[in-house]
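Here is the structure we will look at, set down as structure tokens.
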Amino acid sequence: MPELPEVEVVRRGLERWVSGRTIDEVEVRHPRAIRRHTAGAADFAARLMGLQLGAARRRGKYLWLPVTGGGPAAQTAAEGLPPMLTPSVTHGLAILAHLGMSGQLLVQPQDAPDEKHLRIRLRFADDLGTELRFVDQRTFGGLSLHDTVPGDADHLPDVIAHIARDPLDDAFDDAAFHDALRRRRTTIKRALLDQTLISGVGNIYADEALWRSKLHYERPTATFTRPRTAELLGHVREVMDAALAVGGTSFDSLYVNVNGESGYFDRSLDAYGREDEPCRRCGTPIRRRPWMNRSSYFCPRCQRPPRA
DNA sequence: AGGTGCCCCTGTCTGC
DNA sequence: TGCAGACAGGGGCACC
């Protein structure tokens with residue numbers, strides 16, 4: 001599953017291979033892949049026509065491409081749409097993407113055979129011979145077109161305005177995160193997965209960062225001291241940086257790489273997926289516990305549960 | 001109204 | 001062998 005570092009690799013690939021290009025053909029092959037675009041597939045396709053893609057952005061696991069323009073085909077299509085859905089002068093537009101569990105954005109030669117789970121195809125008004133494909137087996141991900149937050153320098157799509165900055169973002173506010181933790185009446189792993197507090201941390205990185213911090217996943221956030229929060233954030237950044245260092249080497253290829261193939265997951269995990277294997281610190285077998293319809297992996301010796 | 005938990009989806013794996 | 005069920009998981013959203 002693509003985690004934040006993989007999504008960042010995809011962002012770099014998009015920047016390199018599709019930013020600046022102009023859309024001139026859109027094919028939606030599965031309605032679920034554009035379900036966040038509430039006006040439907042025909043509207044999605046019509047409104048993308050003629051748009052020029054700007055620089056790729058990322059927040060947590062969300063990706064987006066601010067767009068400009070809209071050619072004759074887009075204007076024609078827009079005439080039949082209600083005012084809310086026509087291109088706005090005061091608000092920018094952006095194509096939003098989320099890869100979900102199994103999504104891939106691939107830059108492929110136009111004559112390459114369709115992937116089994118090809119959901120959306122975008123072709124461009126140039127002679128580079130490549131197209132952008134959204135491929136997704138489990139269809140948790142998708143593409144959609146949205147207004148951007150007025151005045152936002154990154155052209156943030158309005159529907160993800162509630163998503164917090166991620167810990168690799170220079171503007172992430174460590175002190176504000178700590179204060180938010182202290183105000184919450186919840187437990188630390190829930191907080192790490194709460195996208196309104198901190199984004200981009202999934203189940204895997206949460207378990208890894210907690211293991212490195214010797215923290216049990218059910219520790220109440222209200223007990224966190226400033227140094228403990230700082231240490232935890234440091235470990236979150238470490239595991240993400242390590243994965244980025246490994247997975248970030250392949251974006252230079254034609255394919256926009258994704259799909260959790262970062263070798264990081266095979267070699268460097270200390271807790272996640274290691275049930276019954278010895279803790280790399282103390283040798284105690286790692287345990288797995290059902291948690292929120294998922295699993296939590298932890299060392300029962302290094303990560304003691306909080307008092308009841 | 002902050003916190004909790006269900007549900008969407010499909011392919012793989014395990015156990016009976 | 002075949003089938004049922006567990007599991008993987010982000011995040012929207014209904015509900016208390």
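To find a chain, count down the sequence lines: A is the first, B the second, and so on, and within it residues start at 1. Since the model is a prediction, treat every value here as computed from it, not as a measurement.
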[X] has a side chain; which of [options] sits nearest to it?
X         : options                   : value
Gln137(A) : dG3(B), dA8(C), dG11(B)   : dG11(B)
Arg36(A)  : dG11(C), dG10(C), dG12(C) : dG12(C)
Thr186(A) : dT10(B), dG10(C), dT4(B)  : dT4(B)
Asn293(A) : dT4(B), dC7(B), dG10(C)   : dC7(B)
Arg32(A)  : dG10(C), dA8(C), dC8(B)   : dC8(B)
Met292(A) : dA8(C), dG10(C), dG5(B)   : dG5(B)

Check Arg29(A) with Asp114(A), please: is the shortest side-chain N to carboxylate O separation under 4.0 Å? yes
Please determine if Arg12(A) and Glu8(A) form a salt bridge, counting it only when a charged side-chain N lies under 4.0 Å from a carboxylate O. yes
Please state how far atom [atom1] in [X] lies from atom [atom2] in [N], giving the value in whole angstrom units.
X         : N       : atom1 : atom2 : value
Ile160(A) : dG11(C) : CD1   : P     : 10 Å
Arg190(A) : dG11(C) : CZ    : C1'   : 14 Å
Ile204(A) : dG11(C) : CD1   : P     : 13 Å
Leu99(A)  : dC9(B)  : CG    : P     : 19 Å
Lys189(A) : dG11(C) : NZ    : P     : 15 Å

Classify the side chain of Arg294(A) and the base of dA8(C) as holding, or not holding, a donor-acceptor pair under 3.5 Å.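 Result: no qualifying N/O pair found.
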Mapping Thr187(A) and His117(A) to their closest nucleotides on DNA chain B, which lands nearer the 5' end?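 Nearest-nucleotide comparison on DNA chain B picks Thr187(A).
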Identify whether any heavy atom of His162(A) sits under 4.0 Å from a base atom; if not, whether one sits that close to sugar-phosphate; answer base, sugar-phosphate or nothing. sugar-phosphate
Using a heavy-atom cut-off of under 4.0 Å over every strand shown, decide if Arg35(A) touches base, sugar-phosphate, or nothing.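 Since no nucleic acid heavy atom lies under 4.0 Å of Arg35(A), the category is nothing.
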Parallel, tilted or perpendicular: which fits the ring planes of His37(A) and His146(A), with parallel below 30° and perpendicular above 60°?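 Because their plane-to-plane angle lies in the 30° to 60° range, the rings of His37(A) and His146(A) count as tilted.
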Using only side-chain N and O atoms of Arg138(A), determine if any of them is under 4.0 Å from OP1 or OP2 of dG10(C). no
Does a donor on one side chain and an acceptor on the other come within less than 3.5 Å for Arg184(A) and Thr221(A)? no
Quiz question: by atom type and distance under 3.5 Å, do the side chains of Arg219(A) and Ser213(A) form a donor-acceptor pair? no
